[in-house]
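Here is the structure we will look at, set down as structure tokens.
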Number of protein chains: 2
Amino acid sequence: MAKAAKQKTNGGPERTTRIQEINRRLILDAALDVFSTYGFRGTTIDQIADKAGMSKPNLLYYFPRKQNIYVTLLEETLTEWLAPLADIDPAGDPIEQLRKYITLKIKMSESHPEASRLFANEVLHGAPAISDFLAKHLKPLVDEKAVVIRRWVGEGKLAPVDPYHLIFMIWATTQHYADFDVQVRAIMGSQVGRPGFREQTAQAVLSIILNGIRPRD
Amino acid sequence: MAKAAKQKTNGGPERTTRIQEINRRLILDAALDVFSTYGFRGTTIDQIADKAGMSKPNLLYYFPRKQNIYVTLLEETLTEWLAPLADIDPAGDPIEQLRKYITLKIKMSESHPEASRLFANEVLHGAPAISDFLAKHLKPLVDEKAVVIRRWVGEGKLAPVDPYHLIFMIWATTQHYADFDVQVRAIMGSQVGRPGFREQTAQAVLSIILNGIRPRD
DNA sequence: CTGCATTTTGACCAACTAGTCAAGTTTTTG
DNA sequence: CAAAAACTTGACTAGTTGGTCAAAATGCAG
């Protein structure tokens, strides 16, 4: 145990240099593409390295294990993914807040489908890498918003609806267009690519859900 | 080219015997479990063979390629999965027909979550093994039912809603409980296991969707 | 420019896994 | 019951892939 400070204990560098920043980003971007398409087991380090434009050992210099890339990617993605839910304003108009939330999620689903698929794949396979994250970050946030929704229902501003199932329905519906993109395309064909398709989707989803939870008299 | 009839051209037997029926079933059941948990690449033939209680070469005697098991399983599953949609009666009451459809899909999602996950995983990864099936069987069926729904809307029996997006929403929502089971459990905890949970889910989903598409005056 | 730290890579290895094969065992059939 | 057909498996192979290593190339501080 000599000259502790500078000694690297494993493959990862300690202080971040300019090159490190660039290369880590390069790797993560490439990895998102590949992991989201082929899943964790289906992805080879060579594929990622190729796509990132570097040799495999060089990639392993930045992320000593394949797992490391994967987990880093998932946590980065999830944090960003959760933000819109946190932004639901308890003091705002219920229908308006939920409209905003749903609209945002559909936009994210269209602009970052790979992130959605990466996450879907992980959960589908039992979330081995992120069950902690779900328990520590996702659950509390959802619980918090469930209280808000329940209050809205109590105040008669929403039809009586279970907040958890409402949230699941919003997630399911919005992410469906990213996760099941191939199926959507198989059925709707060229329409999917057309400009305005996202707006049409948003319109349809919003119409059903918002009418479904609007208070009835 | 001699004694054509009895000659086997590859590993697969030609006429089905009693033993074949038993063992194919054994293999497919085991494979569904494993594939739905680990995906195609993540599954090894040994795993399936172990679970099916036979040696790997023996398994390969019935399904000469890993792919064969996978595709057989997917097509078997999909056919069964599509039946309820085909059963929607154009002459029936719209709300009643859709209630029946949604209820059935939620039931299937609960009783065969592995099948749902197997399919979700395949589509998520671009449906390489079943894009033909989607084009040849799924699309025509959906198109057919879309016409029916559109007529219902025209007759004022449903609120104006795009039939395709309605169908996607139903799929997304009902399958969510199978595909994202881990996430649902992470958030709702022990409630998920409790008796009556499926009824509660069905109630919530039906309430939102059906009210969302009920004609408004 | 000099010397040290960081970065990069070709060559390699060990583990794993889809699929083969030949030799055996069991079942069916005439 | 004998022979053929169907079934079963241990041992093996070839290809793939996660990860190592030592040496070379590059960047950088003084």
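- Remark: B:Gln20 is in phosphate contact with D:dC7, judged by side-chain N or O atoms under 4.0 Å from OP1 or OP2.
- B:Asp50 pairs by the side chain to side chain contact (heavy atoms under 4.5 Å, CB included) definition with nothing, not counting sequence neighbours.
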Please tabulate the protein-to-nucleotide N/O contacts below 3.5 Å involving nucleotides 26-30 of chain D, giving atom names and distances.
unit_1	atom_1	unit_2	atom_2	d
D:dC28	OP1	A:Arg18	NH2	3.4

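- Contact check, B:Asn58 against D:dT9: a side-chain N or O comes under 4.0 Å of OP1 or OP2.
- Rounded to a whole Å, the CD1 atom of A:Ile22 is 11 Å from the P atom of C:dT7.
- Applying the side-chain hydrogen bond (donor to acceptor under 3.5 Å, both in side chains) rule to A:Lys107 yields no partners; only residues at least two apart in sequence or on another chain are considered.
- Every side-chain hydrogen bond (donor to acceptor under 3.5 Å, both in side chains) that B:Tyr101 has, sequence neighbours left out, goes to B:Trp171.
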Donor-acceptor contacts under 3.5 Å from residues 127-141 of chain A side chains, at least two apart:
unit_1	atom_1	unit_2	atom_2	d
A:Lys139	NZ	A:Asp143	OD2	2.9
A:Lys139	NZ	B:Ile187	O	3.2

Summary of protein contacts for nucleotides 13-21 of chain D, nucleotide by nucleotide, where a base hit scores B, a sugar-phosphate-only hit scores S (4.0 Å, heavy atoms): ----SBBBB
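- A salt bridge does not link B:Arg117 with B:Asp179: none of the charged nitrogens is closer than 4.0 Å to a carboxylate oxygen.
- In this structure, B:Met54 places its CE atom 17 Å from C1' of D:dG10, rounding to the nearest Å.
- Among pairs with a residue in residues 59-72 of chain B, none fulfils salt bridge (Lys or Arg N to Asp or Glu O under 4.0 Å), at least two apart in sequence or across chains.
- Between the P atom of C:dT8 and the CG atom of A:Leu59 lies a distance of 11 Å, rounded to the nearest Å.
- The closest side-chain heavy-atom distance from B:Thr37 to A:His125 is not below 4.5 Å.
- In terms of phosphate contacts, B:Thr17 brings no side-chain nitrogen or oxygen within less than 4.0 Å of OP1 or OP2 of C:dT28.
- Atom-to-atom, OH of B:Tyr38 to P of C:dC16 comes out at 15 Å; the value is rounded to the nearest Å.
- Remark: A:Ala178 pairs with A:Ser109, A:Pro113, A:Ser116 by the side chain to side chain contact (heavy atoms under 4.5 Å, CB included) rule, at least two apart or across chains.
- In this structure, B:Tyr61 does not reach the C:dT20 phosphate: none of its side-chain N or O atoms is under 4.0 Å from OP1 or OP2.
- At the phosphate of D:dT8, OP1 or OP2 sits under 4.0 Å from a side-chain N or O atom of B:Asn23.
- Counting only residues at least two apart or in different chains, salt bridge (Lys or Arg N to Asp or Glu O under 4.0 Å) contacts with residues 181-209 of chain B comprise B:Glu110-B:Arg198, B:Asp181-B:Arg185.
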